[in-house]
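To keep things clear, I will list the structure first and then write my remarks on it.
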Amino acid sequence: MDLTLREHLDAHGLAAKKSFGQHFLLDLNVTRKIVRFAGPFEGRPVIEVGPGPGGLTRALLESDAGKVVLVEKDPRFIPLLNELDDGAGRLTVVEADALNVREDQLVEGPAHLVSNLPYNVGTPLLIKWLTGPWTPASLTLMFQKEVAERVVARPGDDAYGRLAVISQAVAEAKLVMHLPAAAFTPPPKVASAVVHLVPREDRPDRELLKALERVTAAAFGQRRKMLRSSLKQLGGAELCEKAGISPEDRAEVIDLDGFLRLARAFAGIEQPTAPTDGGAVLMRRKKT
Ligand code: SAM
């Protein structure tokens with residue numbers, strides 16, 4: 001299969017373009033493994049972003065995905081991807097920039113997302129899928145290793161920051177697979193890792209998420225400072241006290257529940273009486 005994909009690329013005269021972040025997975029054993037981490041799909045649709053020559057697409061078409069919808073920005077790959085269609089009506093190829101597409105217009109009902117992401121737009125795409133109006137049933141995404149570590153980091157880890165707090169507030173996030181640079185054609189400069197995220201039932205609503213974004217931006221913008229200084233513009237020590245957080249702590253030691261408390265205090269949302277699993281809790285509006 002490796003040869004087939006390579007031959008396919010050669011037959012279409014396709015070389016990887018740096019500007020599109022193109023590093024291809026041509027080994028179907030690897031792409032099948034990624035799809036196993038992503039599934040089972042149980043007949044639900046899967047959106048694959050950045051299919052390129054279609055190594056992951058082939059594995060998705062072998063899976064129990066009901067439909068496979070591809071979103072590829074590089075027009076050179078569209079004819080080659082259309083060749084993967086076996087006429088059963090499961091495959092849709094869309095030429096578009098994934099940053100601008102409306103996923104709810106591509107699929108009906110809950111759908112899974114799978115992508116070997118272009119590294120240059122990986123983080124903005126993740127933020128779009130976690131905080132935008134459309135929520136996937138799950139996300140299985142290849143990032144450069146450092147970004148994957150930032151998504152799953154815990155308080156006290158060097159990689160702990162805004163991306164960890166926002167990702168974990170919205171979803172359960174697990175790093176499921178490491179891949180060396182040599183697994184890709186051409187090899188990138190960095191190693192990669194796959195993260196599997198499942199949005200939480202009790203994820204914050206838009207208002208709380210906005211507040212969480214404000215609080216984490218300020219707190220991690222000055223991560224070495226005590227919260228009473230880094231959060232000064234948002235209420236400083238008083239805000240910390242309302243949230244039950246020590247104003248002398250630094251952002252890097254505050255866990256998800258702590259940040260949610262700070263965000264609620266900032267937005268004037270009543271704190272829950274007892275945290276639920278992982279700290280993302282159901283909210284009630286404060287009665288005035
Ligand atoms: N999935 C393929 C694989 O594993 O071999 C290719 C992965 S390659 C790292 C990233 C792919 O994303 C490329 O095909 C590139 O053209 C495409 N791409 C880059 N930016 C994109 C964007 N904004 N929207 C959609 N696709 C994009």
Side-chain angles (χ1 to χ4, degrees), residues 1-10 12-38 46-63 65 68-84 91-103 105-107 112-129 132 134 136 139-148 176-195:
M1 191 51 76
D2 186 0
L3 211 65
T4 310
L5 260 172
R6 274 182 206 280
E7 281 176 352
H8 217 151
L9 276 175
D10 290 347
H12 284 262
L14 291 171
K17 270 193 189 171
K18 235 183 173 176
S19 58
F20 283 106
Q22 290 175 349
H23 300 282
F24 305 133
L25 286 171
L26 302 181
D27 182 345
L28 203 52
N29 292 317
V30 173
T31 60
R32 282 187 182 125
K33 195 167 167 188
I34 296 170
V35 168
R36 278 201 296 276
F37 281 121
V46 175
I47 299 177
E48 185 197 346
V49 167
L56 256 176
T57 315
R58 287 172 186 228
L60 286 169
L61 288 169
E62 289 174 0
S63 77
V68 177
V69 180
L70 309 177
V71 180
E72 172 57 61
K73 188 175 171 187
D74 186 344
R76 299 177 308 150
F77 288 103
I78 304 300
L80 175 148
L81 291 165
N82 276 317
E83 282 175 27
L84 297 177
L91 187 71
T92 306
V93 184
V94 179
E95 183 190 328
D97 183 332
L99 284 166
N100 303 328
V101 293
R102 289 260 321 260
E103 292 83 358
Q105 294 181 346
L106 300 179
V107 285
H112 299 266
L113 249 169
V114 177
S115 180
N116 172 12
L117 286 168
Y119 292 144
N120 47 351
V121 289
T123 310
L125 280 172
L126 175 65
I127 295 295
K128 176 191 178 198
W129 294 324
W134 179 80
L139 307 92
T140 307
L141 308 172
M142 176 92 66
F143 291 100
Q144 75 181 71
K145 181 172 155 270
E146 287 68 22
V147 177
V176 292
M177 185 177 172
H178 283 278
L179 270 170
F184 300 84
T185 305
K189 290 202 176 80
V190 292
S192 297
V194 177
V195 176

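In each ligand, atom 1 is the first atom listed, and ligand 1 is the first ligand listed. These values consider heavy atoms only, across backbone and side chains, with no hydrogens, waters or symmetry-generated copies.
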Any side-chain heavy-atom pair from [X] and [Y] closer than 4.5 angstrom?
X: Thr140; Y: Ile34; answer: yes
X: Glu72; Y: Ile78; answer: yes
X: Ile47; Y: Pro136; answer: no
X: Arg58; Y: Leu84; answer: yes
X: Leu141; Y: Leu125; answer: no
X: Leu179; Y: Phe184; answer: yes

Give yes if a backbone or side-chain nitrogen or oxygen of [X] is under 3.5 Å from a nitrogen or oxygen of ligand 1, and no if not.
X: Phe24; result: no
X: Asp74; result: no
X: Leu25; result: yes
X: Gly52; result: yes
X: His23; result: no

More than 12 heavy atoms of other residues, nucleotides or ligands under 6.0 Å from NZ of Lys128: is that the case?
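Yes, NZ of Lys128 has more than 12 neighbouring heavy atoms, counting only those of other groups under 6.0 Å.
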Where does [X] meet ligand 1, judged by heavy-atom distances below 4.0 Å: at the side chain, the backbone, both, or neither?
X: Ala96; answer: backbone
X: Pro51; answer: backbone
X: Lys17; answer: neither
X: Leu117; answer: backbone

Please write down residue, atom name and distance for the protein heavy atom closest to [atom].
atom: atom 13 (C) of ligand 1; answer: Gln22 CG, 3.5 Å
atom: atom 23 (N) of ligand 1; answer: Asp97 OD1, 2.8 Å
atom: atom 16 (O) of ligand 1; answer: Glu72 OE2, 2.6 Å
atom: atom 19 (C) of ligand 1; answer: Phe20 O, 3.2 Å
atom: atom 4 (O) of ligand 1; answer: Asn116 ND2, 2.7 Å
atom: atom 27 (C) of ligand 1; answer: Lys73 CB, 3.7 Å
atom: atom 20 (N) of ligand 1; answer: Pro118 CG, 3.5 Å

Please answer whether the main-chain N or O of Leu70 pairs with a side-chain N or O of Glu48 as donor and acceptor at a distance below 3.5 Å.
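Side chain of Glu48 to backbone of Leu70, a donor-acceptor pair under 3.5 Å: no, none is there.
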Look only at the side chain of Ser192 and the backbone of Met142, and say whether a donor-acceptor pair between them is shorter than 3.5 Å.
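Checking the backbone N and O of Met142 against the side chain of Ser192, no donor-acceptor pair under 3.5 Å is found.
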Worked check of ring-ring contact (aromatic ring centres under 6.0 Å, His included) between Phe77 and Phe24:
CA-CA 12 Å; Phe77 288 103; Phe24 305 133; 5.6 Å; yes
Show the atoms of ligand 1 that are less than 4.0 angstrom away from any heavy atom in [X].
X: Val71; value: 25 (C), 26 (N)
X: Ala98; value: 22 (C), 23 (N), 24 (N), 25 (C)
X: Glu48; value: 1 (N)

Please report the shortest heavy-atom distance between Gln22 and Pro186, naming the atom on each side.
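Heavy atoms of Gln22 and Pro186 come nearest at O-CD, 3.7 Å.
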Shortest non-hydrogen contact between Val35 and Ser63, atoms and distance
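Result for this residue pair: CG1-CB, 3.9 Å.
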Compare Ala183, Gly21, Gly50, Ser192 and give the one whose heavy atom is closest to atom 6 (C) of ligand 1.
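Looking at heavy atoms only, Gly50 sits closest to atom 6 (C) of ligand 1.
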